[in-house]
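Heads up: the structure comes next, in structure tokens.
Every heavy atom of this structure was used, including side-chain atoms; hydrogens, water molecules and symmetry mates were not. Residue numbers start at 1 and run along the sequence shown.
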Amino acid sequence: MRINVLTEKTRAAFCALFKEYYDELDCGEDTDHLLDEYVLADFDAQLLKIAVAEVDEVCGFVIYQTDSIENEWCLREGMGTVRELYVRPRFRGKGCGGALLAYAEDRFKDGGVKRVYVLPADGTQGFFISAGYAESDEYCEDTDCNFFYKEL
């Protein structure tokens, strides 16, 4: 498995995977609009980072950032946040998600970030707990879940 920063070469595969992810979440969102106006625009502006995992094909991604007032999504200024993490179903349970999470955490450490948070989707809390995150009592109304924190 290889994990690399999103490039022009992997961009189309990432977009297709992002659409799969939102279909699985069943959010009813316009993914083309989300990708064009927010995700890719913020990536191109270097407000967030995207890395993709490849095993013969792009099989997962992680979207992460260090919260800053320049970002629309800034809940904990100066902290790292893993905004989205997705692995295609047939690649789950094979270490891909853990490798993507570790990749983002390593980039945070390289940037001097000491604490990371996630707002896990239903059913993913156990994954983050197994990776060293602890659930807090702090609730996020936007995502309807509690904050999970990890000290790096």
Side-chain angles (χ1 to χ4, degrees), residues 3-6 10-53 58-89 91-93 96-152:
I3 299 177
N4 295 297
V5 173
L6 183 68
T10 56
R11 199 170 179 123
F14 162 74
C15 290
L17 197 59
F18 187 88
K19 290 176 184 182
E20 285 179 31
Y21 168 56
Y22 262 74
D23 285 347
E24 188 173 316
L25 289 175
D26 197 24
C27 294
E29 298 278 345
D30 177 355
T31 53
D32 288 328
H33 174 73
L34 284 173
L35 280 165
D36 293 341
E37 299 297 320
Y38 298 103
V39 177
L40 294 173
D42 284 357
F43 174 75
D44 291 338
Q46 299 181 344
L47 296 173
L48 58 78
K49 310 286 187 205
I50 301 171
V52 295
V58 173
C59 59
F61 66 83
V62 61
I63 301 173
Y64 60 101
Q65 72 182 46
T66 300
D67 277 5
S68 167
I69 58 172
E70 285 93 33
N71 293 347
E72 286 185 41
W73 183 265
C74 177
L75 301 179
R76 301 288 184 268
E77 188 171 1
M79 282 189 201
T81 181
V82 175
R83 289 182 50 177
E84 312 286 346
L85 179 89
Y86 180 72
V87 175
R88 263 197 179 117
F91 291 95
R92 293 179 188 164
C96 187
L100 283 162
L101 185 58
Y103 179 91
E105 290 172 352
D106 286 345
R107 303 295 84 71
F108 287 134
K109 287 180 205 172
D110 292 346
V113 172
K114 306 263 189 251
R115 194 171 194 208
V116 178
Y117 72 91
V118 296
L119 296 162
D122 283 343
T124 64
Q125 296 89 341
F127 168 79
F128 289 104
I129 289 168
S130 71
Y133 288 77
E135 185 174 7
S136 75
D137 292 332
E138 297 172 69
Y139 178 75
C140 179
E141 286 187 31
D142 288 343
T143 58
D144 188 30
C145 67
N146 287 4
F147 283 82
F148 283 57
Y149 292 101
K150 181 177 182 178
E151 305 295 327
L152 298 181

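For Glu151, the CD atom sits in a packed shell: over 12 heavy atoms of surrounding residues, nucleotides or ligands are nearer than 6.0 Å. The 12-atom threshold is not exceeded at CG of Asp122, counting heavy atoms of other residues, nucleotides or ligands nearer than 6.0 Å.
Annotation: the span from Thr31 atom OG1 to Glu20 atom CD amounts to 11.0 Å, rounded to 0.5 Å. Note that CE of Met79 and NZ of Lys150 are 15.0 Å apart. Values are rounded to the nearest 0.5 Å. To the nearest 0.5 Å, the span separating CG on Asp110 from CD on Glu105 amounts to 12.0 Å. Atom OG in Ser68 sits 12.0 Å away from atom CG in Leu48 (nearest 0.5 Å).
The two atoms that bring Glu24 and Pro89 nearest to each other are OE1-CG, 3.9 Å, heavy atoms only. A pairwise comparison of heavy atoms in Leu100 and Gly60 identifies CD1-C, 3.8 Å as the closest pair. Shown here for Leu101 and Ala131, the closest heavy-atom pair between the two residues is CD2-CB, 3.5 Å. Between Cys145 and Pro120, the closest heavy-atom pair is SG-O, 3.6 Å. Between Gly78 and Thr66, the shortest heavy-atom contact is O-CG2, 3.8 Å. Looking at every heavy atom in both residues, Leu6 comes nearest to Phe43 through O-CZ, 3.6 Å.
The shortest distance between side-chain heavy atoms of Cys15 and Leu40 falls below 4.5 Å. Looking at Lys19 and Leu35, their side chains come closer than 4.5 Å, going by heavy atoms from C-beta outward. Looking at Glu84 and Tyr22, their side chains come closer than 4.5 Å, going by heavy atoms from C-beta outward. Leu17 has its side chain within reach of Arg88: a pair of non-hydrogen atoms, C-beta onward, lies under 4.5 Å apart. Under the 4.5 Å side-chain criterion, counting only non-hydrogen atoms from C-beta, Gln125 is not in contact with Asn146. Looking at Tyr38 and His33, their side chains come closer than 4.5 Å, going by heavy atoms from C-beta outward. A 4.5 Å side-chain heavy-atom check between Arg115 and Arg76 finds every atom pair outside the cut-off. Thr81 has its side chain out of reach of Leu119: every pair of non-hydrogen atoms, C-beta onward, lies at least 4.5 Å apart.
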Review point. For Tyr139 and Asp144, what are the C-alpha separation, side-chain angles and deciding distance, and is it a side-chain contact (heavy atoms from CB on, under 4.5 Å)?
Key: CA-CA 7 Å; Tyr139 178 75; Asp144 188 30; 2.3 Å; yes

Exercise for review: Check the pair Asn4, Thr10 against side-chain contact (heavy atoms from CB on, under 4.5 Å), reporting the backbone distance first and the verdict last.
Suggested key: CA-CA 9 Å; Asn4 295 297; Thr10 56; over 6 Å; no

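When only modelled atom types and interatomic distance are considered, Asp67 and Gln65 share a side-chain donor-acceptor pair under 3.5 Å.
Listed for the Arg92 side chain is no donor-acceptor partner under 3.5 Å among the backbone atoms of Gly97.
Here the two rings, on Tyr86 and Tyr21, have centers that are under 6.0 Å apart.
A ring pair (Phe, Tyr, Trp, His ring centres under 6.0 Å) with Phe128 holds for exactly one of Tyr133, Phe147, Tyr149, Phe148; it is Tyr133.
Figure legend: Arg107 and Tyr64 shown without cation-pi pairing, the cationic atom not lying both under 6.0 angstrom from the six-membered ring centre and within 45 degrees of its axis.
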